[in-house]
Amino acid sequence: MASVEEIFERYLASRIFKDREKLLPDYVPENLPHRDEQIRRLATVLAPALLGSRPSNVFIYGLTGTGKTAVTKYVLRKLKEKAKARVEYVYINCRQNNTSYRVLAELAKSLGVKVPFTGLALGEVMKRVLRGLERRRRILIVVLDEVDNLVKRNGDDVLYFLSRINEQLENSRVSLIGITNDLKFMEFLDARVKSSLGEEELVFPPYNAIQLEDILRKRAAEAFNEGVLEEGVIKRVAAIAARQNGDCRLALDILLKAADIADREGADKVTLGHVERARHEIEKNLTVDVIKTMPLHVKLTLAAIYLLTRDSVKTITTGLIYNKYKELVSKVGIEPVTQRRISDIINELDMLGLINARVVSMGRYGRTKVISLSASASSVKAGLSSDLIMKTILEG
DNA sequence: AATCCACAGGAAGTGCTGGGCG
DNA sequence: CGCCCAGCACTTCCTGTGGATT
């Protein structure tokens, strides 16, 4: 075992990194290659704010890791530099703040209005937000990132409120930027919200392998010392990410992880082998982490699916899962939930990407869902095993 | 052509938590 | 203090349905 001193020494002596931060997900670079078009369009839409008039609301679509957030933050930063005090923006991530209340509370906080993190009626928070806005006399641009998360769970109350908020304001104006990676998202919205929110729309296409390679090369030049990347590493990472819908964030993740592994080993080059291991580790960590934090009955349901898969059952249906689940539940001496609930849990697991569920009609033999495990069985097992109750079930 | 299975999934409600407010 | 509020995990009750079999 290395002593603390040794660990730190080795870190300082790192051959690999020049500036590791440049690979972290929240770093917004000075240059965003292959997004010139989107930057120009967003800037054009937001420009009126400089002269004190309210920019149109914008809706931004694009899959994960296509630069939506980076471009938005980049343009807003530039806008604020030019506009000085008259324009402000708030960035709210609706995945972390995934309830109406939390989004409004975030908004209030950015206005310097105090709200408790629970307890108030929604209408009361809205009032406070309004008051805060009036006091500030600004153009406020509200960015709602991953806004589909909010609407799917809570409806579009908050969006409705925000899209009409200007009617109640004298001294301030609000513009909205909604960001989503769900291309069918608009269908969920109330017609009134839809028309007001969709004043401008911006689409971010996925990066292709060549573009990813270009981006990675530029970023690598900032982050790594010269010559530490083995031939073909960047090409490989770009190819992997290109297959995953051109997800640039994933590409950067893998590159960082590969470099970390190499660094930890004291290697002086990042090799293709490191990339391979990084990819595996990221995949595994992702599933293990979501599983760890799941509520008990969700874990039990997943365990049931896992066991059925392990016993190589050909077509796994909702009914089979429910039976297996009840079996598991009785083993640990807990009361089962209803099949209706399990049906919802199966959908939740599907949305998390751990399983694949599709409705299928088997004619005379009913209409049900056919389910298969889509995460690797070993990661599922690893994730479940972190729970002691689950561990005994899987071994028993 | 009608039937009927094995569920899907909507609507409404319950009980609990963790926190207001007056 | 009593009452209200939102969110969550869940229940109860329900209507709907694709298509192989009768």
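By convention in this document, chain letters (A, B, ...) are assigned in the order of the sequence lines, proteins followed by strands, and residues within each chain are numbered from 1.
Checking each of A:Thr69, A:Thr72, A:Thr180 against A:Asp145 for a side chain to side chain donor-acceptor pair (under 3.5 Å) leaves exactly one that passes, namely A:Thr69.
Checking B:dC7, C:dC13, B:dG19 against every side-chain atom of A:Thr318, the shortest atom distance belongs to B:dC7. The side chain of A:Arg367 lies closest to C:dT17 when the candidates are C:dT17, B:dG20, C:dC13. For A:His297, counting side-chain heavy atoms from C-beta on, the closest listed nucleotide (C:dC10, B:dA11, B:dC7) is C:dC10. Counting only heavy atoms from C-beta on, A:Tyr365 has its side chain closest to C:dT21 among C:dT17, C:dT21, C:dG7. When distances run from any side-chain atom of A:Thr338 to the nucleotides B:dG20, C:dG18, C:dT12, the shortest one goes to C:dT12. When distances run from any side-chain atom of A:Val337 to the nucleotides C:dC10, C:dC8, C:dA6, the shortest one goes to C:dC10.
A:Asp344 comes within 4.0 angstrom of nothing in the nucleic acid, heavy atoms only. Among the atoms of the strands shown, only primed sugar atoms or phosphate atoms (P, OP1, OP2) are found under 4.0 Å from some heavy atom of A:Gln339.
A:Leu150 places its CG atom 14 Å from the C1' atom of C:dA6, with the value rounded to the nearest Å. Across the protein-nucleic acid pair, A:Asn323 atom CG and B:dA6 atom C1' stand 12 Å apart, rounded to whole Å. In this structure, the CE atom of A:Met362 is 10 Å from the C1' atom of B:dC5, given to the nearest Å. Summarising the geometry, the separation between CD1 on A:Ile321 and P on B:dA8 is reported as 9 Å, rounded to the nearest angstrom. Distance, A:Lys114 NZ to B:dG20 P: 10 Å, rounded to whole Å. Atoms CZ (A:Arg341) and P (C:dT12) sit 14 Å apart, rounded to a whole Å. Distance A:Ile334 CD1 to C:dA9 P: 16 Å, rounded to the nearest Å. Put simply, CZ on A:Arg340 is 10 Å from C1' on C:dC14, counting in whole angstrom units.
With A:Asn97 contributing its side chain and A:Asn93 its backbone, the two residues share a donor-acceptor pair below 3.5 Å. Remark: the backbone N or O of A:Gln339 is not paired with any side-chain donor or acceptor of A:Ser343 at under 3.5 angstrom. Between the side chain of A:Glu213 and the backbone N or O of A:Ile234 there is no donor-acceptor pair closer than 3.5 Å.
Sequence order on DNA chain B of the closest nucleotides to A:Thr368 and A:Arg364 puts A:Arg364 first from the 5' end.
For the OP1/OP2 pair of B:dA6 and a distance below 4.0 Å, the side-chain nitrogens and oxygens of A:Lys369 include no atom meeting the criterion. The side chain of A:Ser361 places no N or O atom within less than 4.0 Å of a non-bridging phosphate oxygen (OP1 or OP2) of C:dA20. Taking side-chain N and O atoms only, A:Thr317 has no distance below 4.0 Å to OP1 or OP2 of B:dA6. Note on A:Thr118: every side-chain N or O is 4.0 Å or more away from OP1 and OP2 of B:dG20.
Residue A:Val129 is grouped with residue A:Leu140 when hydrophobic side chains (ILVMFWY) are merged at heavy-atom distances under 4.5 angstrom, including chains of intermediate members.
Checked against a 6.0 Å centroid threshold, the rings of A:Tyr61 and A:Phe204 do not count as neighbours.
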